[in-house]
Every structure is written in C-alpha cells, then in structure tokens.
Amino acid sequence: DAGVIQSPRHEVTEMGQEVTLRCKPISGHDYLFWYRQTMMRGLELLIYFNNNVPIDDSGMPEDRFSAKMPNASFSTLKIQPSEPRDSAVYFCASIWGANTEAFFGQGTRLTVV
Amino acid sequence: GESVGLHLPTLSVQEGDNSIINCAYSNSASDYFIWYKQESGKGPQFIIDIRSNMDKRQGQRVTVLLNKTVKHLSLQIAATQPGDSAVYFCAENFNKFYFGSGTKLNVKP
C-alpha cells in the first residue's frame with residue numbers, strides 16, 4: 001500500500017476562497033482523522049470518522065470547516081470561506097481498530113493570503 | 001496574557017550518546033500510548049507503542065517506559081544518530097488520540 005495519500009501537497013489561496021483538502025486512507029483502515037498543525041497550537045485533532053461516520057467533530061474550529069467521508073477510500077476537509085488564520089499544515093491519518101498506531105499522510109501546507 | 005505560541009522543548013545530545021525524551025499525559029483512563037517522530041516537512045511516523053498493562057517496551061534502539069502512577073511516559077534512544085534529529089510526540093488514546101506538544105531533538109555530530 002502506498003500509505004495515506006493527501007492532495008494537494010501545497011495550496012495557496014486568497015482569503016474568502018473555498019479550499020478543499022483530500023485524503024485517501026490506507027485500504028482496510030476503519031478510522032480516519034484530520035489534524036491541523038501550527039506553531040501556535042501544535043497538532044490539533046479536528047474530526048475523526050469510524051466506518052465513514054463522523055464520530056467527534058468537537059475540534060472543528062467553526063462552521064467554516066466541514067469534513068465528509070463519502071466512502072471508505074476518500075475524505076475531504078473543506079474550508080469556506082478561508083481566512084489567513086487557517087494557514088497551517090493539515091494532516092490526514094488512518095488506523096485499523098481503535099488501539100493501534102495511526103499512519104499519517106505527508107500533509108497539505110495551506111497558505112491563505 | 002499575550003500568546004506567543006508553543007514553546008517547543010529542545011534536547012541537544014552528542015552523536016552516540018543516549019537520549020531521553022519525557023512526556024506527561026493527562027487522562028488516567030488512557031490505555032494506549034504511542035511515540036511518533038516527525039521530520040521536517042513530513043507527517044508524524046510511528047516509533048513504538050505501549051499498552052497500559054505494561055511498564056516497559058523495547059524496540060530497535062528505542063525503549064518506552066510508562067509510569068501510570070504519575071502519568072508519565074519516556075522515550076529512550078540508544079546511541080543517538082544524526083538521523084534521529086526530529087520532533088518527537090507522545091500520544092495517548094482514550095476514545096481519541098491526544099497529542100502532546102512535542103520535543104525537538106538536536107543531534108550534534
């Protein structure tokens with residue numbers, strides 16, 4: 001397996017634009033996590049899914065953020081409208097079972113200008 | 001007060017020496033713990049894990065120690081190499097994964 005695949009690797013967008021980040025988890029994994037990493041706040045869990053169902057979205061900062069998982073092999077994190085303070089590296093991770101290690105993607109570096 | 005961002009603890013060690021990175025976790029009900037290594041420009045990568053029914057677990061050049069009494073984890077790296085330079089995170093799992101702020105390890109040649 002190629003691991004967790006995220007796209008794009010880098011995204012630069014203007015304030016107010018919609019941004020969509022994509023993630024393909026490892027085949028067979030039943031949990032998917034979205035994290036945001038910044039120097040200010042470290043690695044924050046935004047939302048996670050189990051069997052494609054959102055379980056906990058308490059980390060989603062505000063209504064501008066939304067995440068979907070239409071099937072077991074694909075998830076999106078959308079920010080609409082984007083703001084400069086959303087600039088961060090966004091990671092997707094997947095695991096099999098509840099108590100196993102998470103495999104992270106390479107991340108998407110988002111810059112909102 | 002003014003927020004100045006996370007102060008990332010930094011550990012500097014000489015190549016060949018042993019490194020010990022510490023982590024305090026928050027939830028006494030957490031039953032699974034992981035150490036991750038994050039190199040610049042990459043996502044965190046799994047190093048070693050330990051379950052709450054164990055106190056110690058060894059891997060290749062790495063050892064994790066768990067002290068449930070004081071909610072403390074440590075990662076020991078033997079014979080530290082330049083390739084070990086990275087940020088190290090501990091994570092605890094209680095319903096979901098909680099990450100610590102990380103420790104930066106600098107290995108001096």
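Atoms considered below: every heavy atom in the structure, side chains included; atoms not considered: hydrogens, waters and symmetry mates.
Not counting sequence neighbours, the partners of B:Tyr32 by the side chain to side chain donor-acceptor pair (under 3.5 Å) test are B:Asp49.
Taking 4.5 Å as the heavy-atom cut-off, the residues of residues 55-70 of chain A that approach chain B are A:Asp56, A:Ser58, ordered by number. Heavy-atom neighbours of chain A within the stretch residues 15-23 of chain B, taken at a separation under 4.5 angstrom, are nonexistent.
Here the side chains of B:Val64 and B:Lys56 are not in contact, with every heavy-atom distance at 4.5 Å or above.
Top candidate by heavy-atom pairs under 4.5 Å with chain A, chosen from B:Gly41, B:Ala91, B:Pro44, is B:Pro44. With chain B as partner, the option from A:Leu45, A:Ile95, A:Thr100, A:Val89 having the largest number of non-hydrogen pairs under 4.5 angstrom is A:Thr100.
If you take SG on A:Cys92 and CZ on A:Phe49, they are separated by 9.5 Å, rounding to the nearest 0.5 Å. Note: A:Glu18 CD to A:Thr13 OG1 = 9.5 Å, rounded to the nearest 0.5 Å.
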Determine all donor-acceptor pairs shorter than 3.5 Å in which one atom belongs to a side chain in residues 101-110 of chain A; sequence neighbours excluded.
| from | atom 1 | to | atom 2 | distance (Å) |
| --- | --- | --- | --- | --- |
| A:Thr108 | OG1 | A:Pro8 | O | 2.5 |

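Defined by atom type and a distance below 3.5 Å, a donor-acceptor pair is present between the side-chain atoms of B:Glu92 and B:Ser30. For the residue pair B:Gln38 / A:Gln37, a side-chain donor-acceptor distance below 3.5 Å is found, with atom types taken as modelled.
The backbone N or O of A:Ile79 sits nowhere less than 3.5 Å from a side-chain atom of A:Ser82 that would complete a donor-acceptor pair.
Under a cut-off of 6.0 angstrom, the local environment of CD in B:Gln60 is sparse, with at most 12 non-hydrogen atoms contributed by other residues, nucleotides or ligands.
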Worked verdict on B:Val13 versus B:Leu11 for side-chain contact (heavy atoms from CB on, under 4.5 Å): CA-CA 7 Å; B:Val13 299; B:Leu11 176 66; 3.9 Å; yes
